[in-house]
Amino acid sequence: MLRIAPQDEARGLGKIMFDKILIANRGEIALRVLRACKELGIPTVAVHSTADADAMHVRLADESVCIGPPPARESYLNIPSLLAACEITCADAVHPGYGFLSENARFAEILAEHNITFIGPKPEHIRLMGDKIEAKRTAKRLGIPVVPGSDGAVSSNAEASAIAAEIGFPLLVKASAGGGGRGMKIARSAAELPTALATARSEAKAAFGDDSVYLEKYLERPRHIEIQVLGDGRGNAVHLGERDCSLQRRHQKLFEESPSPALNTAARDKVGETVAQAMRELNYQSAGTVEFLYENGAFYFIEMNTRIQVEHPVTEMITDIDLVLEQIRVAAGAELAMTQADVKFHGHAIECRLNAENPVSFRPSPGKILHWHPPGGPGVRVDSGAYQGYVIPPYYDSLVGKLIVHGKTRTECLMRLKRALDELIVDGIETTLPLFRALVREPAIIDGDYHIHWLEEFLAKGSVEG
Ligand code: ADP
């Protein structure tokens, strides 16, 4: 049956949509994709490991297929199983969510070889941005400002010392194949450089099977500010403003907001337009995020993620643009539904990541949710697959859900977040909820005055009680 996306129909565009979308993921993002499919009237297939048979994304999908045992490499990362699931359900497109196979260019190619559409960027762009050295070179070529550092991989200690003499200490040694903050080491002096190089190399080799590393100037107190982009692979691309994700622990984001308290309209428009223009030149397709560190009024590119991100809802709340729906539309061959002039920002949004972890030690806390009461009311969105009686399996990441709150102003947003956090009840497992309840009462957070090390310093003071 031929289907037309409702908004395309309304605009008189007779675009043919997919017959059926298989969601190659689990948890809240599988549910998020499923919701977009339902709103487009497209049937869905959920896949799951044996550990996720009772998961909400499985319950809400039109069809489901068990693709293997609990370990991700045997289920959610198992390409032959996923292909078989597409074949038996006649799915003609796959949405990969985030993590798992979402940035696997080979997976996208294999799907194409089977006439199945990968709902994401072109394989060459996934590959380009997956190599952080190539990504940085490309960014520089496209006029995006980058962190000063080595021009490519450093092959010897002598070469590293020569570059260090040029850019100065402190330096950061980073893995070319990096991700999740692994393979990253600081050297504060020439004496520390050989050890930092050796440790980063061995960590990178163990985590990614690739020990190539490069050097970057270590910025002391920057903010992490990222720009959301959308492109249709037909030369059209827009930016949807920024997200400030400076509140991190061990390079993992926990609390994100948009707009950033550190940017004004002129600064946002400038960096946003630079990034959007770069995406037009690349002919980028789908959603993507260009990540920067921001210090003393200057932006420094660090990487680009070629997928939908965990924190995408804060952008959706202030733009009223459904990012997942747009990913699906452009993958089906439609043009972007908006131009840059159509993108309007209104109000303020904050997201808190509710992880099943002890809020002091951050030790994972899988198990049965005995009581679950999500908050509601104006401006509150909860993206979660949790329900009373749900057992969080120990095999995957610890994200239980995301609380996203919108307000007309940052102050209204913070007050709303505070009351929403107070309404939220989750019993049976430990979560990061006490951390957020403490954060919304903290003067630096209320003032928006924080940087990428702020949260770890706050935690080190013993500011949160478990
Ligand atoms: P990964 O791909 O491993 O997540 P990123 O390059 O995205 O690595 O960096 C993750 C985090 O590490 C950043 O958000 C920031 O907190 C820190 N970081 C990265 N590069 C630098 C740098 N040059 N100076 C200071 N901190 C950095």
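Being a predicted model, the structure only gives us computed values, none of them experimental. Counting starts at 1 for both ligands and their atoms, in listed order.
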Using a strict 4.0 Å cut-off to heavy atoms of Glu291, name the atoms of ligand 1 that fall inside it. 7 (O)
Glu28/Arg353 ion pair, N-O < 4.0 Å: no
Where is the nearest protein heavy atom to atom 11 (C) of ligand 1: which residue, which atom, and how far? His251 ND1, 3.4 Å
Just one of Glu311, Glu303, Gln309 clears the side chain to side chain donor-acceptor pair (under 3.5 Å) bar with Thr289, so which one? Gln309
Of Arg243, Glu226, Gln228, which meets side chain to side chain donor-acceptor pair (under 3.5 Å) against Thr315? Arg243
Looking only at protein heavy atoms, which one is nearest to atom 16 (O) of ligand 1, and what is the separation? Gln248 OE1, 3.0 Å
Between Asn78 and Ser75, is there a side-chain donor-acceptor contact under 3.5 Å, judged purely by atom types and distance? no
Ignoring hydrogens, just give me the one of Ala175, Gly181, Cys245 whose non-hydrogen atom is nearest atom 3 (O) of ligand 1. Gly181
Distance alone, cut at 3.5 Å: any donor-acceptor contact between the side chains of His348 and Glu412? no
Pair Arg280, Asp232 - check salt bridge (charged side-chain N to carboxylate O under 4.0 Å, His left out), show working. CA-CA 9 Å; Arg280 285 172 206 130; Asp232 61 10; over 6 Å; no
Show me which atoms of ligand 1 lie under 4.0 Å from any heavy atom of Leu172. 19 (C), 20 (N), 21 (C), 22 (C), 23 (N), 27 (C)
Under 4.0 Å from one or more heavy atoms of Met184, ligand 1 contributes atoms 3 (O), 8 (O), 9 (O), 10 (C), 12 (O)
Can you sort out which atoms of ligand 1 are near Leu219, meaning under 4.0 Å from one of its heavy atoms? 24 (N), 25 (C)
May I ask you to list the atoms of ligand 1 that are less than 4.0 angstrom from any heavy atom of Ile452? 15 (C), 16 (O), 26 (N)
Here the atoms of ligand 1 under 4.0 Å from any heavy atom belonging to Glu303 are 1 (P), 2 (O), 4 (O), 5 (P), 7 (O)
Is it the case that Tyr98 and Asn305 place a side-chain donor and acceptor less than 3.5 Å from each other? no
Output the list of atoms in ligand 1 that are nearer than 4.0 Å to some heavy atom of Tyr218, sorted by atom number. 24 (N), 25 (C), 26 (N)
Among Arg221, Glu257, Arg223, His451, side chain to side chain contact (heavy atoms under 4.5 Å, CB included) partner for Ser246: Arg223
Please state which protein non-hydrogen atom is closest to atom 19 (C) of ligand 1 and give its distance, to 0.1 Å? Lys174 NZ, 3.4 Å
Where is the nearest protein heavy atom to atom 27 (C) of ligand 1: which residue, which atom, and how far? Leu293 CD1, 3.5 Å
Under 4.0 Å between heavy atoms, the region of Lys132 that gets near ligand 1 turns out to be side chain
Give me the residue, atom name and distance of the protein heavy atom closest to atom 13 (C) of ligand 1. Ile302 CD1, 3.9 Å
Distance flag, aromatic centroids of Tyr396 and Tyr76, threshold under 6.0 Å: yes
Can you check whether Arg250's main-chain N or O pairs, donor with acceptor, with Glu456's side chain at less than 3.5 Å? yes
I'd like to check which ligand 1 atoms, numbered from 1 as shown, lie under 4.0 Å from a non-hydrogen atom of His224. 14 (O)
